[in-house]
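Heavy-atom basis, side chains included; hydrogens, waters and symmetry copies ignored. Chain A is the first sequence line, chain B the second, and so forth, proteins listed ahead of strands; every chain is numbered from 1.
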Amino acid sequence: MQHDASLKRAHDAPPIEEEWLWGWDPTPGIVSVHAEQDGRAHVWRRIPETGALVHERERFRPWLLLDRLDDLAHLGEGLRDAATAPPDETIHFRELEGPGALRFLVSARDGRALTDALLTGASRRLDARVRHVAELGDSVLALPPEEQYLVATGRTYFRALAFDQLHRMQFDLETTGLDARRDRIFMISVRYPSGDTEVLEAHDESDASEAELITTLVQRVRDANPDVIENHNLHGFDLPFLDTRARFLRVPLALGRVRERKLRQRGARRGVATGDPSEGRRIRFVAPGRELIDTLDMVRRYDIGTRDFASYGLKAVARQLGIAAPDREYIRGDLIHETFRADPERVRRYATDDVEEVAAISRMLGGATYALAQMTPRRYERLADTGAATGVIDPLLVRAYLRAGAALPAHEPGDGTPHSGAALYLFASGVAHRVVKADVASLYPSLMRAYRIGPARDRLGALLALVDGLVERRLDAKARARAAPPGSAERHSHEAMSAALKIVVNSAYGYLAAGGELTRFADVHAANEVTRRGREVLALMCRELEARGVTLLEGDTDGVFFAVPEAWSESDERRVVNEVGALLPPLVQLELDGRYAAMLSHETKNYALLGYDGALTLRGVAFRSSRSEPYGDAFLRTALERLLTGDIVGVRDAYLATIGALRTRAIRTYDVSSRVRLTKSPAEYAESREKRRELPYEAMLASGHTTWSVGDRVRVYRSAKGEGRTIDTPDDDTTAPDPRDYDVEYYVRLLRDSYAERLARAFTPRDFDIVFAHPDQLALFVSPVEDVKPILTPLARNGFG
DNA sequence: TCGTTCCGGGG
DNA sequence: GTGTACGGAACGA
């Protein structure tokens with residue numbers, strides 16, 4: 001089939017806003033597109049009804065957008081108006097309407113002829129050799145071939161295809177270490193689209209065996225012929241490692257659907273640095289015909305909305321999502337190869353668990369990106385690793401303008417107006433009871449819609465039209481998800497669509513504020529108008545809440561925490577939220593987002609909440625830190641629970657009990673250790689050691705580790721002699737030693753200065769000294785702890801009326 | 001101590 | 001066109 005780039009609409013086309021959202025070509029089941037600059041495209045589709053795979057070879061007219069035709073004038077008769085030219089032979093142009101700078105849509109049968117002609121003309125005009133279209137900067141819009149194809153055709157991936165119909169394969173390398181130049185692959189676990197798993201292994205530690213292992217993997221991929229290849233950190237580890245090993249061993253790495261001996265590369269901000277140290281060029285690998293999907297990207301994207309993965313590591317994520325099997329095998333990274341030598345079966349189980357978890361995470365979190373690919377003219381794998389503003393909204397706008405026959409504005413850097421941000425207030429610190437969180441859902445997009453705040457240069461009003469359409473679709477998707485049976489594929493896909501739409505809607509504001517070098521229609525004035533309205537809404541909300549008798553605690557654009565009087569019931573709380581919500585601008589909805597028995601407000605975005613069900617929620621660096629010692633965390637949790645239930649004697653008891661346990665060494669060594677990341681190599685530390693000794697490295701050396709890799713994490717503690725020591729995590733090895741030779745008084749001091757200190761806002765200084773008086777101290781003038789009451793201190797209201 | 005830069009992950 | 005998250009930790013004066 002021949003697709004041309006005129007983008008002319010038929011008379012019976014659906015409403016143009018629908019086309020802006022979804023494209024217009026209904027071709028179902030596209031699972032991968034690979035296009036070349038010469039106008040050839042490969043399309044792989046799954047027939048939704050049968051699941052059969054078809055491979056279609058197509059031609060399209062590669063196209064560019066230019067701000068002038070001057071550089072093509074030298075073609076003479078070779079450049080023809082698309083309206084009158086014969087369809088195939090020549091280079092066509094079409095002038096788009098409206099004021100945008102990029103107003104000439106030019107296309108050719110072979111894109112190379114087009115770019116060559118353009119570069120020739122530009123070189124003459126500029127009297128300098130122009131080698132690449134990118135050198136012409138913003139006077140040209142040149143998309144990657146696949147995106148040219150999708151924009152021109154109005155096609156998108158995955159129409160009428162459910163996520164579960166995709167053929168997804170996972171593989172995971174087990175290697176002797178992290179450095180592909182030095183270490184090798186000894187095992188690859190594989191999970192097939194059928195759900196079957198297999199473990200491939202090198203027979204010995206020779207190059208030939210590793211080469212054979214890679215060859216077997218390639219063969220398995222070709223046989224299984226998946227649409228998608230997935231793993232956790234696939235682009236950051238497995239593919240670069242595989243690529244390096246395959247080059248070194250001179251093994252073909254034909255993982256794609258077109259016969260090529262190597263993976264291709266594309267520039268990618270979030271990719272890996274290339275071998276040559278030439279200034280920060282980063283790439284990701286491409287296997288034409290398959291989509292290479294990294295579940296780490298999914299986790300990052302998901303976390304933007306939910307914020308709360310303790311770690312983005314595979315095991316932690318799987319546990320947090322509740323998909324880790326109870327008998328899941330765990331092996332510490334640096335022990336995998338040595339475990340394999342002693343107990344290969346254990347490593348086989350471990351590696352298989354990895355691919356199983358990746359498949360489950362992908363199914364749980366991958367829907368949003370999948371749904372984005374159903375609307376956006378980009379490859380699925382590119383949508384997986386981009387931000388929504390430049391990665392989704394910009395391509396949607398480009399397609400919308402071309403479809404409407406409208407010229408596109410070029411990027412504009414902005415007039416120097418600074419971008420003003422959101423407001424954040426801390427109204428009080430200390431302990432409050434009967435706390436309510438009121439939340440404004442999607443404040444910024446709601447303000448954009450309510451006040452019609454869009455980019456000044458968006459003459460079609462496409463951004464606001466997209467946001468309106470996306471919000472409506474989202475409400476619809478949410479309703480459909482609710483109506484579908486829990487756990488069903490149908491519910492899954494509606495929820496995924498809803499999540500995708502939320503991502504795009506919420507990034508509409510980010511699109512405005514991103515700055516003109518980044519997004520085509522960026523508009524700092526419009527962005528400032530949105531934040532100004534947002535501050536107005538927050539101020540109004542706070543004033544009106546206060547006028548109804550609540551005590552304000554903390555407020556920002558996400559929502560407001562406040563405490564209500566003792567006599568109030570839940571329905572009083574709801575009534576007040578509804579009353580205040582009714583005073584807010586149209587489309588801005590205030591919801592009661594949470595109710596808590598008590599809160600310790602420490603600093604902005606740093607607080608502890610005790611739910612009515614007894615659940616403790618900690619937020620902010622003061623209360624949760626990956627470096628903190630387990631004994632301190634345990635004390636803090638207990639103390640906070642008791643503090644928030646009013647049991648001040650209990651707080652002191654917890655403090656004394658912890659000191660007692662330290663002194664009798666009832667606390668495990670592991671529980672006083674802290675996790676640190678080694679950022680200096682052994683050589684670097686050797687150099688700086690004379691000047692300054694650092695506990696973690698001293699600990700490594702003292703425990704006989706003379707080598708380590710930068711980035712390794714170890715647990716260290718301070719011994720009674722004041723020296724650093726390392727200790728293993730007990731889960732790793734149940735026979736791990738537990739010497740309990742830690743520096744007791746050091747950890748007693750740390751308990752007070754670091755952990756008890758985080759409760760300081762709850763008390764007057766005098767009462768704090770009573771609650772946390774040292775056990776050896778004589779209680780001369782000390783009044784009884786029983787009399788101590790927690791306090792709430794109002795703070796100066798900087799900038800708040 | 002503060003301000004700035006870097007990192008997240010993989011064996 | 002590689003595209004500007006975000007929050008915590010480490011680094012550097």
Side-chain angles (χ1 to χ4, degrees), chain A residues 132-138 140-144 147 172-180 182-187 231-241 265-272 274 280-284 294-297 299-301 303-305 307-317 331-340 347 350-351 354 382 385-391 393-395 411 419 503 506-507 510-511 513-520 522 605-606 619-622 624-628 674-680 694 696 709-713:
Chain A
H132 202 279
V133 178
E135 292 169 43
L136 296 172
D138 223 22
V140 184
L141 169 69
L143 298 179
E147 293 173 27
D172 183 52
L173 308 185
E174 302 305 329
T175 67
T176 58
L178 292 171
D179 183 351
R182 201 182 57 206
D183 301 306
R184 62 171 67 247
I185 307 165
F186 66 90
M187 179 187 283
N231 196 18
H232 203 69
N233 205 15
L234 177 73
H235 285 285
F237 179 71
D238 299 82
L239 291 174
F241 203 103
Q265 303 182 351
R266 62 176 227 256
R269 179 72 162 197
R270 308 217 42 267
V272 289
T274 48
R281 186 174 133 74
R282 290 175 163 274
I283 58 110
R284 282 191 171 203
D294 194 330
T295 46
L296 180 58
D297 292 325
V299 169
R300 289 194 176 108
R301 173 166 280 165
D303 199 47
I304 290 172
R307 61 171 191 275
D308 234 49
F309 277 116
S311 151
Y312 288 176
L314 173 65
K315 284 81 178 166
V317 169
I331 306 173
R332 217 174 72 192
D334 57 349
L335 301 178
I336 289 170
H337 188 229
E338 96 187 42
T339 306
F340 176 69
V347 179
Y350 167 83
D354 273 7
R382 289 209 68 200
D385 71 13
T386 51
T390 51
I393 294 182
D394 223 42
H411 288 91
H419 177 232
I503 290 166
N506 287 339
S507 61
Y511 184 93
E517 313 84 54
L518 239 49
T519 56
R520 192 164 295 281
K605 307 259 182 194
N606 275 273
R619 174 88 55 218
V621 68
R624 39 188 303 172
S625 158
S626 65
R627 281 204 59 169
S628 53
S674 100
R675 198 165 104 109
V676 296
R677 188 167 170 269
L678 302 176
T679 56
K680 291 178 180 168
E694 296 172 62
S709 303
V710 171
D712 278 359
R713 287 169 203 283

Can you check the distance between [N] and [M], where both ends of the measurement are the [atom1] atom (answer in whole Å)?
N	M	atom1	result
B:dG11	C:dC6	P	28 Å
C:dA5	B:dC6	C1'	14 Å
B:dG8	C:dG1	C1'	25 Å

Describe the nucleic acid contact of [X] in one word from base, sugar-phosphate, nothing, applying a heavy-atom distance below 4.0 Å.
X	answer
A:L173	sugar-phosphate
A:A142	sugar-phosphate
A:G267	sugar-phosphate
A:S311	sugar-phosphate
A:G271	nothing
A:I283	nothing

Is it true that A:D297 and A:R284 make a salt bridge, defined as a side-chain N closer than 4.0 Å to a carboxylate O? yes

Closer to the 5' end of DNA chain C via nearest nucleotide, is it A:L141 or A:V676? A:L141

Start at the 5' end of DNA chain C and walk down; is the nucleotide closest to A:G391 or to A:D394 reached first?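 This one resolves to A:D394.
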
Going by salt bridge (charged side-chain N to carboxylate O under 4.0 Å, His left out), name the residues that satisfy it together with A:R266, two or more places apart in sequence or in a different chain.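 Only A:E381, A:D385 meet the salt bridge (charged side-chain N to carboxylate O under 4.0 Å, His left out) criterion with A:R266.
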
Please name the pair of heavy atoms, one in A:V347 and one in A:I336, separated by the smallest distance, quoted to 0.1 Å.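 Here A:V347 and A:I336 meet closest at CG2-O, 3.7 Å.
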
Partners passing side-chain hydrogen bond (donor to acceptor under 3.5 Å, both in side chains) against A:R184 (at least two apart in sequence or in another chain): A:D207, A:E210

Residue mapping more 5' on DNA chain B - nearest nucleotide basis, A:K315 or A:R270: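 So the residue in question is A:R270.
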
Separation of A:I393 atom CD1 from C:dT4 atom C1', in whole Å?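 Atom CD1 in A:I393 sits about 15 Å away from atom C1' in C:dT4.
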
